[in-house]
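Letters A, B, ... are given to chains in the order of the sequence lines, protein chains preceding strands, and every chain is numbered from 1. The structure displayed is predicted, hence computed values, not measured ones.
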Amino acid sequence: MFFFLFALWIVFNGRVTAETVLLGLLFAAAIFAFACRFLNYSLAKEKKIFVLAPLLLRYLGVLLVEIIKATFTACRFILSPTLPHDPLICRFRTPLKSDTARAVLANSITLTPGTITVSLDDGLYTVHCLDKSLAEGIEDSRFVRLLQQIEEVGL
Amino acid sequence: MTEMIRFVIGTAFLLCGLVIFVIEIFGNYHFGYVLNRMQAASIGDSFGIVLCLIGMMFYFGWSLACLKLLFVEIFLWCSSPVSSHLVAKLEAETNEHLDREVRIKNLTAEGKEDDPCKS
């Protein structure tokens with residue numbers, strides 16, 4: 001969070017001078033302190049991000065691959081006048097326990113074309129799929145397995 | 001020469017993004033029901049915009065502008081699903097005849113069987 005805020009400051013500033021760096025460090029530290037005090041952030045959680053970095057990068061890679069694959073599938077349904085599609089709303093639960101992992105999964109499902117998370121209530125997902133083929137194995141997808149690994153390390 | 005290569009790669013990415021957006025617009029008219037239309041729209045939101053931004057990154061080269069575009073992408077990917085989710089939830093909760101528009105299936109541990117809409 002601290003490094004992200006600092007990077008954001010530098011990038012938005014557009015210049016790297018002693019003044020901008022010092023001010024950036026100051027503001028990033030102030031916002032991080034606020035987040036620790038009121039938004040349940042902590043230094044221990046920050047350290048975990050570095051441990052989780054390889055898994056998070058792997059998750060991002062999987063997400064990108066799934067988005068590309070799903071885009072082509074959705075394009076096929078849109079462009080083909082003869083290919084029938086069978087829209088479906090499915091409800092399922094996953095073994096994920098933390099709210100963060102559940103929210104990340106819901107976001108990933110929505111980001112993948114062809115599926116939209118309609119609701120997430122206490123671990124029960126309601127997902128709209130453009131075709132029933134897109135719902136196959138959705139409750140035990142690669143996203144879920146990776147998020148479970150991330151949860152085991154500690155999210 | 002490097003500028004030329006960057007221009008060609010950037011243009012290729014931008015054109016691919018443009019094609020995705022054209023398909024998205026076509027899909028919006030092709031499908032009749034709002035949730036299906038949202039699926040068509042999500043193609044551009046998640047992948048079309050990435051291709052366009054990568055193309056622009058190639059135009060700018062390795063600079064702060066390139067990093068700004070990367071941050072734009074990160075914020076878009078974080079915020080776009082939230083708005084899509086809210087619109088979808090609104091439709092699911094206000095449409096009294098949702099089961100006429102789309103099949104509803106329960107995949108929970110209680111048994112993989114069809115279930116009437118209870119939203």
Working note: B:H30 + A:F77, criterion side chain to side chain contact (heavy atoms under 4.5 Å, CB included); need CA distance, chi angles, decisive distance, verdict. CA-CA 10 Å; B:H30 177 70; A:F77 281 115; over 6 Å; no

Assess the residue pair A:I89 and B:L35 against the criterion (side chain to side chain contact (heavy atoms under 4.5 Å, CB included)); give the C-alpha distance rounded to whole Å, side-chain angles, the decisive distance to 0.1 Å, and a yes or no. CA-CA 10 Å; A:I89 284 183; B:L35 286 175; 4.3 Å; yes

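Heavy-atom minimum distance, A:I116 versus B:A88: CG2-CB, 3.7 Å.
Transitive grouping of hydrophobic side chains (ILVMFWY, heavy atoms separated by less than 4.5 Å) keeps A:V21 and A:L26 in distinct clusters. Both A:Y59 and A:V51 are part of a single hydrophobic cluster, where members link through side-chain heavy atoms under 4.5 Å apart. Using a 4.5 Å cut-off between side-chain heavy atoms of Ile, Leu, Val, Met, Phe, Trp and Tyr, with links allowed through other members, B:L90 and A:Y125 fall into different hydrophobic clusters. At a threshold of 4.5 Å between side-chain heavy atoms, the hydrophobic network of Ile, Leu, Val, Met, Phe, Trp and Tyr places A:L5 and A:F50 in one connected group. Cluster annotation: A:L64 is connected to A:I150 through the hydrophobic network of ILVMFWY side chains, with a link wherever side-chain heavy atoms come within less than 4.5 Å.
Ranked by non-hydrogen atom pairs under 4.5 Å with chain B, the options A:N107, A:I67, A:T94, A:L79 are led by A:N107. For the set A:A74, A:S119, A:G114, the count of heavy-atom pairs under 4.5 angstrom toward chain B peaks at A:G114. Your options are A:T115, A:V118, A:I68, A:T110, and the one with the most heavy-atom pairs under 4.5 Å with chain B is A:V118. The candidate from A:T112, A:N13, A:T117 with the greatest count of non-hydrogen atom pairs under 4.5 Å with chain B is A:T117. The choice from A:C90, A:A70, A:A106, A:A7 that makes the most heavy-atom pairs within less than 4.5 Å of chain B is A:C90.
Contact of A:L63 with chain B is made through the side chain alone, with heavy-atom distances under 4.5 Å. Both the backbone and the side chain of A:L8 come within contact range of chain B, each with at least one heavy atom under 4.5 Å from a heavy atom of that chain. If you measure heavy-atom distances from B:Y29 to chain A, you find no contacts under 4.5 Å at all.
Summarising the hydrophobic clusters (Ile, Leu, Val, Met, Phe, Trp, Tyr; side-chain heavy atoms under 4.5 Å, direct or chained), the residues clustered with A:F38 are A:F34.
Taking a 6.0 Å sphere around CZ of A:R58, one finds it holds 12 or fewer heavy atoms contributed by other residues, nucleotides or ligands. The 12-atom threshold is exceeded at CZ of B:F71, counting heavy atoms of other residues, nucleotides or ligands nearer than 6.0 Å. Remark: A:F3 CZ is loosely packed, at most 12 non-hydrogen atoms of other residues, nucleotides or ligands lying under 6.0 Å away. The number of heavy-atom neighbours closer than 6.0 Å to CG of A:D86, taken from other residues, nucleotides and ligands shown, is above 12.
Among the residues in residues 17-27 of chain B, those with a non-hydrogen atom closer than 4.5 angstrom to a non-hydrogen atom of chain A are B:I20, B:I23, B:F26, B:G27. Taking 4.5 Å as the heavy-atom cut-off, the residues of residues 76-86 of chain B that approach chain A are B:W77, B:C78, B:P81, B:V82, B:S84, B:H85, ordered by number. Residues from residues 40-59 of chain B that place a non-hydrogen atom less than 4.5 Å from a non-hydrogen atom of chain A comprise B:A40, B:S42, B:I43, B:S46, B:F47, given in numerical order.
A heavy-atom distance below 4.5 Å is not found between the side chains of A:F12 and B:L64.
Counted by atom type alone, B:Q39 and A:H128 present one or more donor-acceptor pairs between their side chains at under 3.5 Å.
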